[in-house]
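Note sheet for the following structure.
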Number of protein chains: 2
Amino acid sequence: MDVGVEVNAGVDNSSPTPCTHDFQVNCSNCRLSAICLPFSLEATEIDELDRIVQRSKPLQKGQHLYRESDDFQSVYAVRAGTIKAYRTTDDGREQVTGFYFPGEILGMDGISNNSHASSAKALETASVCEIPFSSLEKLSAVMPHLQRHFFQLMSREITEDQQLITLLSKSSADERVAALLLSVSTRNARRQLSATQFRLSMSRVDIGNYLGLTVETVSRVFSRLQKLKVLDVENKEIQILDIEALRKVADAR
Amino acid sequence: MDVGVEVNAGVDNSSPTPCTHDFQVNCSNCRLSAICLPFSLEATEIDELDRIVQRSKPLQKGQHLYRESDDFQSVYAVRAGTIKAYRTTDDGREQVTGFYFPGEILGMDGISNNSHASSAKALETASVCEIPFSSLEKLSAVMPHLQRHFFQLMSREITEDQQLITLLSKSSADERVAALLLSVSTRNARRQLSATQFRLSMSRVDIGNYLGLTVETVSRVFSRLQKLKVLDVENKEIQILDIEALRKVADAR
DNA sequence: CGCTGAGTTGATAATGTTCAAATTTAGTGG
DNA sequence: CCACTAAATTTGAACATTATCAACTCAGCG
């Protein structure tokens, strides 16, 4: 019963999915459970977790899950599609703080102030599981595995932010783009998808706003890597032709 | 009974403190408790927390608290001095991920992998409280306030990393340096220290490695801000002459 | 089939890096 | 306390990378 899960993960997601309104999905039968919040929980625990998870209807492309400074109530697990988290700077520019794929959790930056520190918007039709934080807290207190795992998820968010910090601080445009592509590749593989061929759900502008580069620079890097036969780029469709070369580009110097 | 707390916070910390080995400090009488881990806990809860906290002898300047890939056992609260957290890139360069002042918690990036994702080193004589994570987890399960507060601390770490990401991605050298100075200023004020006059415990190289700039650029920014009468810079001793102007520099554009 | 927004490409400019050297500060041993 | 040395900081000049501005191309869509 994987209907509704990763509906948009394939190569062809140009048309909105029929949306079967299959909300029967639960954590036990979700094939993302191994990489999502239920990871490391036992069957009975998963059922308990399942009781607090809320599944709502899909988000349309461009729709917001929450906005900066909204009251914080829940964290979210992506079930299908891609969510972009971003902040808007004083002068109106956008800093993308992360792209979230199925099985990944977002919204944890809202805990500290009880208000979201970033906005979250669907880059394509997407569905998410909402996990009310107060329920999660209560459940964590009685489920050590869950508490541990959630601490780990937050910690991972920290280490990933630190990686991005390092990338922005020390790497050239080529290195940044290569690192992003490798990250997408790795995360695809975790979900049993191709590590070498995929469709980027984000625009070049989004990539630039994530990597601290202008669209033009991002575009030039793609062209360059294409010319070097490291990638085959056809609009958003990416094929990694030489992953070793891409790794070399990613940590040149 | 504040002996041993913030011993090095004053203007003159040129000679190592006598180190009275006063480890009698506990959370209840620590004047940092209002901004540190005990925040929001009740007296009896603070006593319980106190029982798991380990206080050891001070770190000398340059000494490591932990190193990247060390086994993760504990998080640490800074009691006195400054701790620099940093990662070393493949090519040997250093990315500073944070400076930690008294009352601040570090080491949370180690939770996700059970090994530290960064190294931590004392920038001056420093002392820390060690909080074994497994004890903290157990205590959190029975003290909702503590669990909540620790989630919030981790979340704050995330939002602060996101701010740094934005700074690195969107800001000029002047803006970055100004933002750092304002951050130091604010955090000093939180500890009842001067918001306008302080000694920077970190070197220009450290600042550069934090802000993604070379030493030369950092130095030039200091000179420029000095010439503009925004700062008075005398080596590590900084006086903010015009904090409004500094704020304008920090969010120019 | 033309329109619109996304993406690409080129030329020029700006910001910060790199390399080199001078200068100041901090530490060490007599 | 002073002389000496190493380390940190500052300053200058040339260079490199990426941003900016502008024009063009392409894909998708009514």
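Quick note on labels: first sequence line is chain A, next is B, and so on, each numbered from 1.
A pairwise comparison of heavy atoms in B:Leu231 and B:Leu181 identifies CD1-CD1, 3.6 Å as the closest pair.
Using a 4.0 Å heavy-atom cutoff across all strands shown, A:Gly208 reaches no nucleic acid atom at all.
The salt bridge (charged side-chain N to carboxylate O under 4.0 Å, His left out) search around B:Glu68 returns none, not counting sequence neighbours.
Nearest to the side chain of A:Glu216, among D:dA22, C:dG7, C:dT17, sits D:dA22. Each of C:dG7, D:dT18, D:dT9 was ranked by its minimum atom distance to the side chain of A:Ser203; first place goes to C:dG7.
Side-chain N/O atoms of B:Arg204 include one lying less than 4.0 angstrom from OP1 or OP2 on D:dT10. For A:Asn235, no side-chain nitrogen or oxygen approaches OP1 or OP2 of C:dT8 to under 4.0 Å. Between B:Thr217 and C:dG16 there is no side-chain polar atom (N or O) within less than 4.0 angstrom of OP1 or OP2.
Between B:Leu168 atom CG and D:dT18 atom P the separation is 15 Å, expressed in whole Å. For the pair B:Gln226 CD and D:dT9 P, the computed distance is 15 Å after rounding to whole Å. Taking atom NZ of A:Lys170 as the reference point, atom P of C:dG16 lies 16 Å away to the nearest angstrom. Taking atom CZ of A:Arg176 as the reference point, atom P of D:dA19 lies 7 Å away to the nearest angstrom. For the pair B:Leu167 CG and C:dG16 P, the interatomic distance rounds to 12 Å; values are reported in whole Å. The interatomic distance linking B:Leu213 (CG) with D:dT9 (P) rounds to 15 Å, in whole Å. Atom CD in B:Glu237 sits roughly 16 Å away from atom C1' in D:dA8 (whole-Å rounding). Rounded to a whole Å, the CD1 atom of A:Ile238 is 11 Å from the P atom of C:dG7.
No N or O donor and acceptor, one from the side chain of B:Arg224 and one from the base of C:dT15, sit under 3.5 Å apart. The base of D:dG12 sits with one of its N or O atoms less than 3.5 Å from a complementary donor or acceptor on the side chain of B:Arg220.
A side-chain hydrogen bond (donor to acceptor under 3.5 Å, both in side chains) with B:Ser118 is found for one member of B:Thr97, B:Asp109, B:Thr88 and no other, namely B:Asp109. Screening B:Arg187, B:Arg190, B:Arg191 for a salt bridge (Lys or Arg N to Asp or Glu O under 4.0 Å) involving B:Glu104 leaves a single residue, B:Arg187.
Ring centroids of B:Tyr66 and B:Tyr76 are separated by less than 6.0 Å, placing the two rings close together.
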